[in-house]
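Just so we're clear, the structure is a prediction, and the values are computed from it rather than from any experiment. Letters A, B, ... are given to chains in the order of the sequence lines, protein chains preceding strands, and every chain is numbered from 1.
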Amino acid sequence: MSKPSIPQGTRDFNAATVHKRQYILNTIKHVFETFGFQPLETPAMENLETLMGKYGEEGDKLIFKILNNGLDNPAKEVQTKEGFDKILQGKSTTTITERALRYDLTIPFARYVAMNHGSLTFPFKRYQMQPVWRADRPQKGRYREFYQCDADIVGSESLINEVDLVSIYVTAFKALQLPVTIKVNNRKILLALAQVCGGEDKLIDLTIAIDKLDKIGWEKVQAELSTKGFNDQQQSVIHTYLNIAGTNQEKLTKLAELLAGNEHANKGIEELNFVLNYHQATGMASFIEADFTLARGLNYYTGIIFEVKANDAQMGSIGGGGRYDDLTGLFGVNNVPGVGISFGVDRIFDVLEEKQLFPATIEAGTQVLFFNLGEQEAAAAYLQMMQLRNKKIACEIYPEKSKFDKQFKYAEKKNIPHIVIIGSEELAASKCTVKNLASGQQNTISFEELTNYFD
RNA sequence: GAGGGUAUAGCUCAGUAGGUUAGAGCGACAGUUUGUGGCACUGUAGGUCGUGGGUUCGAGACCCAUUACUCUCCCCA
């Protein structure tokens, strides 16, 4: 018999952890609802074809596929064996796997909107907080099962939505007391840069290269650009682009000069200005940082993109999102533009834990332990305990008649602040002894007094 | 997909150049103390040293393979 274990990249959550996670989830949920978003839940599994091809080539490999439950029709045996050979070559096929675990919440949401667009009221604002799965190699801050919390608005092109989503980030992280920076960029600006430097078809090569800047440095980025066919003059423009610095306003002004005359650039800059100006008024502009190196992997983004970094923490992004003008187009429903953001709960958890930012009050366990001092005594204690429970005070009784020592230790281990002793002496007098474990003080009071003792 | 690191008691780890019966701390359990905990002291239980092979008179230690975990890169939340 081997030792029990759980799959790589998954975790059990003990009581303390669950309380802390609930605290994060409830905080975010409350913010979402305050901003007028409605909940949605979708199945853990989707049809494979719903997910395939939506996350790029790398993403496809990371989708957890679910093996079909054997052969439904004996006539398909040959076909299925061919399918198995494909799997061995690393390809996927519905003869072997028809379903897959969801990889994020955005594509299932797009699928939902496409299926229900006739009955939804637009603009449609939904939030969703559910686990997603990725067949990734786990490491720090990266799991195979983790929660995402998404808020999206579809059916509206207004930039007020972008403004609103930034407000959500600021409000939520303020509530969690976590200092963050919200990085913003615009895919239109990246597109403009690609046009100026050799054409739109180089957009992906370009974004991949510049995304690596802070990791590998300019020289290696330059080397990569060379191999991708960017000439010296183009590299020089890219270099200037990447070195734009200063305040958000200064950056945008310099960018406008560099990409002067490009239609997409003008539009992209205008959009960023809109959001920044709006937040000048709300006072939230200080959380926003224009970062033209921000690219984000998911290729369905078309407008403003976001990424949230915790200040002074060794952790990848703890949230991200952006505008996609044609997401449901993937499912045959056109003209449903949208914009959304996501919170990475598990990483937020890790950062809060590391920086010790969880409030001390969130672990609400048992408040009162009733000692068990014999059959009669326990029966009497049970009735008193139920009185307290009716008043919504968390209580429990020690199930075995044990020595004081043991019952005290149990209370300490569980951080139970009060104990109630009903022994033979108390029982005879219809009284009980209440002791505060932290202070060591104790009082002997009547049963009636006990009922109101913790009010 | 590429490359590191680790694997010894329930937990955290020692184990020195290969040498008798495998160690500590914490935890658990019991006792000193049968109606008052935290402290202290005493004792008890618990390990085919991840697995398989090899080298050797002798392997927890060295070599090979394998599995699991972990970290970095790629990519991402």
Side-chain angles (χ1 to χ4, degrees), chain A residues 1-11 24 28 55-63 90 102-106 129-150 204 207-209 211-212 215-216 220 224 294-299 306-310 313-321 340-351 369 371-374 377 398 401-428 432-444:
Chain A
M1 186 84 164
S2 60
K3 283 187 183 176
S5 64
I6 56 174
Q8 191 182 34
T10 64
R11 296 148 301 158
I24 298 172
I28 295 170
Y55 307 106
E57 214 171 303
E58 286 294 317
D60 282 355
K61 287 187 203 157
L62 300 180
I63 295 171
R102 65 168 166 253
Y103 178 90
D104 71 355
L105 301 179
T106 308
M129 313 204 303
Q130 290 189 279
V132 303
W133 294 269
R134 295 188 187 176
D136 209 349
R137 194 105 173 229
Q139 51 187 276
K140 187 179 177 177
R142 180 178 300 191
Y143 306 99
R144 286 185 152 181
E145 178 185 64
F146 61 98
Y147 263 72
Q148 286 192 334
C149 299
D150 278 27
I204 293 176
T207 53
I208 289 173
D211 199 36
K212 292 180 183 167
K215 280 178 191 159
I216 63 177
K220 286 186 180 173
E224 187 160 331
L294 178 63
R296 290 195 60 73
L298 299 173
N299 47 23
F306 308 101
E307 197 157 290
V308 183
K309 289 273 296 176
Q314 288 281 82
M315 181 61 78
S317 64
I318 55 175
I341 54 169
S342 180
F343 286 79
V345 178
D346 300 79
R347 285 189 175 177
I348 293 169
F349 180 96
D350 289 348
V351 174
L369 176 72
F371 273 27
N372 184 334
L373 299 167
E377 291 87 343
Y398 198 83
K401 176 187 184 298
S402 300
K403 299 200 304 183
F404 268 56
D405 180 65
K406 197 154 180 178
Q407 304 197 42
F408 266 120
K409 280 184 177 156
Y410 178 79
E412 273 160 26
K413 281 269 164 59
K414 285 193 70 174
N415 264 319
I416 300 173
H418 305 280
I419 56 147
V420 173
I421 299 169
I422 299 176
S424 53
E425 292 167 23
E426 285 89 352
L427 188 58
C432 56
T433 300
V434 185
K435 180 164 186 169
N436 179 321
L437 284 188
S439 67
Q441 287 193 334
Q442 64 181 54
N443 302 310
T444 301

Next item on the list: Give each stem of RNA chain B as a range with a range, requiring at least 3 consecutive Watson-Crick or G-U wobble pairs whose two distances are under 3.5 Å.
Entry: B:1-7 with B:67-73, B:10-13 with B:23-26, B:28-32 with B:40-44, B:50-54 with B:62-66
Check: Can you list the residues that meet the side-chain hydrogen bond (donor to acceptor under 3.5 Å, both in side chains) rule with A:Tyr147, with sequence neighbours excluded?
Finding: none
Next item on the list: Can you sort out the partners of A:Ser424 under side chain to side chain contact (heavy atoms under 4.5 Å, CB included), two or more places apart, ordered by chain and number?
Entry: A:Glu377
Check: protein-nucleotides 3-6 of chain B nitrogen or oxygen pairs below 3.5 Å:
from, atom 1, to, atom 2, distance (Å)
B:rG3, O6, A:Arg137, NH2, 3.4

Mind listing the N/O atom pairs, protein and nucleotides 28-32 of chain B, below 3.5 Å?
from, atom 1, to, atom 2, distance (Å)
B:rA28, OP1, A:Lys413, NZ, 2.3
B:rG31, OP2, A:Lys403, NZ, 3.3

Check: With sequence neighbours excluded, what pairs up with A:Asn372 under the side chain to side chain contact (heavy atoms under 4.5 Å, CB included) test?
Finding: A:Ala378, A:Tyr398, A:Lys401, A:Gln407
Margin query: I'd like to check the ring-ring contact (aromatic ring centres under 6.0 Å, His included) partners of A:Phe349; sequence neighbours left out, ordered by chain and number.
Written below: A:Phe358
Item checked: side-chain hydrogen bond (donor to acceptor under 3.5 Å, both in side chains) involving A:Asn443 - partner list, sequence neighbours excluded -> A:Tyr453
Next item on the list: Go through the structure and list residues passing side chain to side chain contact (heavy atoms under 4.5 Å, CB included) with A:Gln130, not counting sequence neighbours.
Entry: A:Glu41, A:Thr42, A:Arg102, A:Leu105, A:Gln128
Pull out every protein N or O sitting under 3.5 Å from an N or O of nucleotides 40-45 of chain B, one pair per line with the distance.
none

Margin query: Tell me which pairs pass salt bridge (Lys or Arg N to Asp or Glu O under 4.0 Å) where either residue lies in residues 412-428 of chain A, with sequence neighbours left out.
Written below: A:Glu396-A:Lys414
Notebook entry, point to check: Of the nucleotides B:rA77, B:rC71, B:rG37, which one has an atom closest to the side chain of A:Gln148?
Noted result: B:rA77
Checklist line | Distance in angstrom units between A:Phe404 CZ and B:rU36 P, rounded | finding: 7 Å
Margin query: Using the salt bridge (charged side-chain N to carboxylate O under 4.0 Å, His left out) criterion, which residues pair with A:Arg137? Sequence neighbours excluded.
Written below: none
